[in-house]
Amino acid sequence: MAANTSGLEEELSCAVCCEIFKDPVTLHCNHSFCKACLDQCWKEKGTRECPVCRRRASIEDPAVDFRLRNIVECFLKDHSEKPPAPPGMLCILHEEKLKLFCVDDNEAVCLVCQTSKKHKNHNLCPVEEAAQDYKVWK
């Protein structure tokens, strides 16, 4: 059952921020994103294309996908009793999950730390990837 949960969680996660959707929108290519994440991507790139497949979006301001939002809300409600992350798995500064590994500083960081001055222009990778690399070296 745990494998199904993580698969479902992955399906309900934004490809941009890697978090569970907040106000999800779905493009004509059927890729979905948080509305704020998609807006930010389009603003930064200056073009309206899908961040995953790069297909040009035909709609300027996609509407929130209410069906997907309802599914996300049901999922979050069903999993709200999930135990909190164990100590050491959250950033002590931002109380966010440690999802990235700063290669330059040799430490796990959260998504907020990634944009901080301390880690600006540092080499970062997903924690899982760094763990795999560590296993190879050991």
Side-chain angles (χ1 to χ4, degrees):
M1 181 110 170
N4 291 342
T5 301
S6 64
L8 179 58
E9 191 170 346
E10 187 175 318
E11 290 298 320
L12 297 176
S13 296
C14 174
V16 176
C17 69
C18 301
E19 295 290 330
I20 300 292
F21 291 122
K22 294 173 192 79
D23 293 327
V25 295
T26 303
L27 300 177
H28 288 295
C29 59
N30 288 322
H31 290 115
S32 299
F33 309 92
C34 299
K35 181 160 181 44
C37 292
L38 185 63
D39 290 344
Q40 185 64 33
C41 282
W42 286 359
K43 183 179 175 184
E44 287 174 6
K45 281 197 155 242
T47 60
R48 290 188 318 266
E49 62 183 27
C50 173
V52 173
C53 68
R54 307 286 185 233
R55 183 174 167 190
R56 192 157 197 62
S58 58
I59 48 179
E60 195 168 315
D61 187 24
V64 171
D65 184 334
F66 289 104
R67 178 177 286 161
L68 182 54
R69 187 171 80 177
N70 290 341
I71 292 168
V72 167
E73 286 174 2
C74 287
F75 174 81
L76 291 173
K77 182 181 174 191
D78 289 347
H79 291 83
S80 63
E81 294 147 17
K82 200 174 178 181
M89 296 298 291
L90 294 178
C91 174
I92 54 175
L93 296 174
H94 307 107
E95 296 183 7
E96 298 280 334
K97 287 183 182 176
L98 299 171
K99 293 190 172 196
L100 299 170
F101 184 79
C102 178
V103 178
D104 298 338
D105 294 330
N106 200 31
E107 67 178 326
V109 297
C110 73
L111 295 174
V112 179
C113 285
Q114 170 192 12
T115 58
S116 70
K117 289 179 184 177
K118 180 180 178 187
H119 298 284
K120 188 174 183 173
N121 298 321
H122 284 192
N123 294 313
L124 299 164
C125 68
V127 168
E128 296 84 10
E129 191 177 299
Q132 289 295 69
D133 291 346
Y134 180 76
K135 286 178 184 177
V136 169
W137 285 100
K138 233 170 171 217

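Residues I59 and R48 form no side-chain contact, since every pair of their non-hydrogen atoms from C-beta on lies 4.5 Å or further apart. At least one side-chain heavy atom of D61 sits less than 4.5 Å from a side-chain heavy atom of K35. A heavy-atom distance below 4.5 Å is not found between the side chains of L111 and E96. The side-chain heavy atoms of R55 and L27, taken from C-beta on, include no pair separated by under 4.5 Å. Side-chain contact check for L12 versus L68: some heavy-atom pair is nearer than 4.5 Å. Looking at heavy atoms from C-beta onward, P51 lies in side-chain contact with L38 at the 4.5 angstrom threshold. No side-chain heavy atom of V109 sits less than 4.5 Å from a side-chain heavy atom of H122.
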E128 and Q132: side-chain hydrogen bond (donor to acceptor under 3.5 Å, both in side chains), yes or no, with the steps? CA-CA 6 Å; E128 296 84 10; Q132 289 295 69; over 6 Å; no

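Using bins of under 30°, 30° to 60° and over 60° for the plane-to-plane angle, the ring pair H31/F33 lands in the tilted bin.
Once rounded to the nearest 0.5 Å, the distance linking NZ of K99 with SG of C91 reads 13.0 Å. Rounding to the nearest 0.5 angstrom, the gap separating the CG atom in L98 from the CD atom in E107 is 9.0 Å. Between I20 atom CD1 and F75 atom CZ the span is 5.0 Å, to the nearest 0.5 Å. Rounded to the nearest 0.5 Å, atoms NZ (K120) and OG (S116) are 10.5 Å apart. Note that CD of E95 is 10.5 Å distant from SG of C110, once rounded to the nearest 0.5 Å. Atom CZ in R69 sits 12.5 Å away from atom CD1 in I71 (nearest 0.5 Å).
Residues V112 and L90 fall into different hydrophobic clusters, defined by Ile, Leu, Val, Met, Phe, Trp and Tyr side chains chained together at heavy-atom separations under 4.5 Å. In this structure, W42 is a member of the same hydrophobic cluster as V16, with clusters built from ILVMFWY side-chain heavy atoms closer than 4.5 Å. Note on M89: it does not cluster hydrophobically with L100, by side-chain heavy-atom contacts below 4.5 Å among ILVMFWY residues.
Within a 6.0 Å sphere centred on CZ of R67, heavy atoms belonging to other residues, nucleotides or ligands number 12 at most.
Contact record, S58 with H28: OG-CD2, 2.8 Å, taken as the closest heavy-atom pair.
For the pair N123 (side chain) and D104 (backbone), a donor-acceptor distance under 3.5 Å is absent.
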